[in-house]
*Asks:* 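Before anything else, here's the structure in question.
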Amino acid sequence: MQETTVRLGVVGLGFMGQTHATNAEELGHDVVAGADIDPATRDEFESAYGAATYEGFEAMYEAENLDAVAVSTPNTYHEAAVVAALNHGYDVFCEKPLADTLESAERMAEAARAADGFCMVNFHNRVSTAAELFMGYQKDDYFGEIRHVRANYVRSRGIPGVGSWFTNEELSGGGVVVDIGVHAIDLALYLMGFPPVEDVFAVTRMGFGDRDDYVDPDDWYDATEEAVFDVEDSATALIRCADDRTLSLEVAWAANETANQEFVVRGSEAGARLDLGGETLTMLEGSHRGTDHLVESSVSDASLDHTGWRGSDKRFLDAVAAGEAPEFNTIEQALTTQRVMDAIYRSAETGERVSVDDRPVGR
């Protein structure tokens, strides 16, 4: 049981803002305030959590005695809310991706380096049983050097509601790469130990979101005459890291194939297969025992507590309570992932392989 109760403020009171608030309360902390531009959303939040609400985060930061802030606004508004919170000395939990542009993400990271508090980013898929098992084995160098990761996050049909900010580049900064591709990139780099990323070749596509005959059996999609859809709905990328270690990425909001969230890891000593957010880790290795053969084994554990969003919130709140910046889901790691996404878009635009660190001035 934590010794310190964290006083949390929430910026952006929609689904994810309420998820953070619920998790915080269930973990024994206090949700004291929230900010959102929508009056009805503020009323709902105030009723659910007994928290004071504000139209703007600046007013909340000035009026409330907070320990930490969770920011869950559309991507384009992350920077203003996060930087202001850091300047007030608060610890900050920011939704992924870090920002809608690389320049914005870099300014946020610079502010975090100068701040008394810390900023952690919500890459909740790292907090899964399969990922925990993988990292536990790799602490003993079980897999050896990770030479390649094949990362998939493909939905058969799952374009977010058109008319929401997810499909509007001005608010999101991109489409499927920014929404779910960011999870795949982050987890793959995490499994690899975050090696320096050197260059990217990528293709992005808009193949389903602008079709009048789009098939949507689960009713994710809600097109209207006013709806904006100006982002990619699938992407393929090859990402080269230091020492020719590689990451192949396949992401799609919609595709004519079976949904797939499989990650395949090739190490020098053993390989692994796991699903994004999954409970089972499958390992493949060779052996000379008796005769040359391959061994495939699986380990799983459904009893691990606090996974996914709840587990990610717990790690943040535990760090706030302890007064120590976490080494997990750091803003610097999120900035690396943002640089990869920026390179994916630049490569797709030019049709050429691009350096992650060499981008046009002002982009």
Side-chain angles (χ1 to χ4, degrees), residues 12-23 38 40-41 44 48 72-75 95-97 122-131 150-188 203-237 249-263 273-280 302 307-313 341:
L13 306 181
F15 173 77
M16 280 310 304
Q18 293 182 36
T19 297
H20 294 310
T22 298
N23 287 338
D38 182 64
T41 303
E44 180 183 354
S72 52
T73 64
N75 303 337
E95 274 304 314
K96 61 77 196 170
N122 187 22
F123 289 110
H124 68 275
N125 286 293
R126 294 192 195 183
V127 193
S128 73
T129 302
R150 186 166 71 247
N152 298 285
Y153 197 162
V154 176
R155 296 172 179 167
S156 299
R157 295 293 187 273
I159 299 176
V162 178
S164 73
W165 62 269
F166 286 97
T167 63
N168 184 332
E169 186 177 15
E170 183 179 354
L171 298 178
S172 64
V176 69
V177 172
V178 168
D179 180 33
I180 61 176
V182 65
H183 281 302
I185 297 165
D186 173 79
L187 183 61
V203 175
T204 60
R205 313 170 193 87
M206 185 190 294
F208 289 88
D210 58 350
R211 289 178 58 165
D212 293 334
D213 61 347
Y214 176 67
V215 176
D216 185 29
D218 295 324
D219 293 328
W220 285 62
Y221 190 92
D222 185 22
T224 65
E225 288 186 5
E226 298 80 18
V228 175
F229 194 105
D230 60 356
V231 295
E232 81 287 350
D233 53 35
S234 71
T236 301
L249 176 73
E250 193 68 54
V251 293
W253 272 338
N256 288 323
E257 67 169 281
T258 303
N260 181 4
Q261 296 185 25
E262 183 182 69
F263 281 59
R273 185 172 66 248
L274 63 155
D275 279 348
L276 193 75
E279 296 179 350
T280 301
T307 59
W309 287 325
R310 183 183 175 90
S312 197
D313 277 316
M341 292 192 300

*Asks:* CD of E279 to OG of S128: how many Å apart, nearest 0.5 Å?
*Replies:*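 OG of S128 is found 9.0 Å from CD of E279.
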*Asks:* Taking atom CG of D212 as the centre, report whether more than 12 heavy atoms of other residues, nucleotides or ligands fall under 6.0 Å from it.
*Replies:*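 Atom CG in D212 is not crowded, with 12 or fewer foreign heavy atoms closer than 6.0 Å.
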*Asks:* Do N260 side-chain atoms and E262 backbone N/O form a donor-acceptor pair below 3.5 Å?
*Replies:*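 Yes: the side chain of N260 pairs with the backbone of E262.
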*Asks:* Please determine whether side-chain contact (heavy atoms from CB on, under 4.5 Å) holds for the pair N152 and F263, giving the CA-CA distance in whole Å, both sets of side-chain angles, and the decisive distance to 0.1 Å.
*Replies:* CA-CA 6 Å; N152 298 285; F263 281 59; 5.8 Å; no
*Asks:* Return yes if some donor-acceptor pair links the side-chain N/O of T22 with the main-chain N/O of Q18 below 3.5 Å, else return no.
*Replies:*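 Yes, T22 side chain to Q18 backbone: donor-acceptor pair under 3.5 Å.
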*Asks:* For W309, enumerate each residue passing the side-chain hydrogen bond (donor to acceptor under 3.5 Å, both in side chains) test, keeping only those at least two apart in sequence or located in another chain.
*Replies:*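 With neighbours one apart ignored, the set is H124.
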*Asks:* Roughly how far apart are M206 CE and W253 CH2, rounded to 0.5 Å?
*Replies:*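 Atom-to-atom, M206:CE and W253:CH2 are 9.5 Å apart.
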*Asks:* To the nearest 0.5 Å, what is the distance between OG (S164) and CZ (F229)?
*Replies:*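 These two atoms lie 10.0 Å from each other.
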*Asks:* Is Y214 close to R157 at the side-chain level, that is, under 4.5 Å between some pair of heavy atoms?
*Replies:*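 With C-beta onward as the side chain, the pair touches.
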*Asks:* Side chains of R273 and T280: do they bring a donor and an acceptor to under 3.5 Å?
*Replies:*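 No, T280 and R273 have no side-chain donor paired with an acceptor closer than 3.5 Å.
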*Asks:* Is there a side-chain contact between D186 and R126 (heavy atoms, below 4.5 Å)?
*Replies:*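 A side-chain contact exists here, since the closest heavy-atom pair is under 4.5 Å.
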*Asks:* What's the spacing between F166 CZ and I180 CD1 if we round to 0.5 Å?
*Replies:*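 Here the interatomic distance stands at 11.0 Å.
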*Asks:* Answer yes or no: is there a side-chain heavy-atom contact under 4.5 Å between E95 and M16?
*Replies:*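 Yes, at least one pair of side-chain atoms sits under 4.5 Å.
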*Asks:* Is a donor on one side and an acceptor on the other found under 3.5 Å between the side chain of S156 and the backbone of E257?
*Replies:*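 Yes, because the side chain of S156 sits within donor-acceptor range (under 3.5 Å) of the backbone of E257.
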*Asks:* Look at the side chain of N168 and the backbone N and O of E170, then say whether any donor-acceptor pair between them is shorter than 3.5 Å.
*Replies:*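 Yes.
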*Asks:* With sequence neighbours left out, write down each residue that passes side chain to side chain contact (heavy atoms under 4.5 Å, CB included) with N125, or none if nothing qualifies.
*Replies:*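 Only H183, L276 meet the side chain to side chain contact (heavy atoms under 4.5 Å, CB included) criterion with N125.
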*Asks:* Specify the closest pair of heavy atoms between D38 and T41, including all atoms of both residues, with the distance to one decimal.
*Replies:*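 What the structure gives for the nearest pair is OD2-OG1, 2.7 Å.
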*Asks:* Could you state the interatomic distance from CG (L13) to NE2 (H20), rounded to the nearest 0.5 Å?
*Replies:*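 Rounded to the nearest 0.5 Å, the CG-NE2 separation comes to 11.0 Å.
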*Asks:* Looking at every non-hydrogen atom in both residues, tell me the closest pair between P97 and V178 and how far apart they are.
*Replies:*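 That would be CG-CG1, 3.5 Å.
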*Asks:* Is a side-chain donor or acceptor of D230 paired with a backbone partner of E169 at a separation under 3.5 angstrom?
*Replies:*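 Checking the backbone N and O of E169 against the side chain of D230, a donor-acceptor pair under 3.5 Å is found.
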*Asks:* Under a 3.5 Å distance rule, please check whether N23 uses its side chain to pair with a backbone N or O of D313 as donor and acceptor.
*Replies:*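 Not confirmed, N23 side chain does not pair with D313 backbone.
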*Asks:* Check the pair V154, Q261 against side-chain contact (heavy atoms from CB on, under 4.5 Å), reporting the backbone distance first and the verdict last.
*Replies:* CA-CA 6 Å; V154 176; Q261 296 185 25; over 6 Å; no
*Asks:* Heavy atoms, side chains only, cut-off 4.5 Å: are F208 and N256 in contact?
*Replies:*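 Counting from C-beta outward, F208 and N256 do come under 4.5 Å.
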*Asks:* Please evaluate residues Y153 and V251 with respect to the criterion side-chain contact (heavy atoms from CB on, under 4.5 Å), reporting the C-alpha separation (whole Å), side-chain torsions for both, the decisive distance (0.1 Å), and the verdict.
*Replies:* CA-CA 5 Å; Y153 197 162; V251 293; 4.1 Å; yes
*Asks:* Out of N75, T73, V228, which residue meets the side-chain contact (heavy atoms from CB on, under 4.5 Å) rule with W165?
*Replies:*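 Testing W165 for a side-chain contact (heavy atoms from CB on, under 4.5 Å) against N75, T73, V228 leaves exactly one candidate, N75.
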*Asks:* State the OG1-CZ distance between T258 and R155, to the nearest 0.5 angstrom.
*Replies:*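 Nearest 0.5 Å value for the OG1-CZ distance: 15.5 Å.
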*Asks:* Please examine the side chains of T236 and S234, heavy atoms only from C-beta on, and report whether any two atoms are closer than 4.5 Å.
*Replies:*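 Answer no - side chains too far apart.
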*Asks:* State, to 0.1 Å, how close A151 and A184 come at their nearest heavy-atom pair, and which atoms those are.
*Replies:*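 Of all heavy-atom pairs spanning A151 and A184, the closest is CB-O, 4.2 Å.
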*Asks:* I'd like to check V231 versus S172 (side-chain heavy atoms, cut-off strictly below 4.5 Å). Are they in contact?
*Replies:*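 Yes; the side chains approach each other to less than 4.5 Å.
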*Asks:* Is it true that a side-chain atom of E232 and a backbone atom of V177 form a donor plus acceptor pair closer than 3.5 Å?
*Replies:*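 It does hold such a pair.
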*Asks:* Looking at A235 and T204, what are the two nearest heavy atoms and their distance?
*Replies:*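 Here A235 and T204 meet closest at CB-CG2, 3.9 Å.
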*Asks:* Side chain of N122, backbone of K96: donor and acceptor closer than 3.5 Å?
*Replies:*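 Looks like no, no N/O pair under 3.5 Å.
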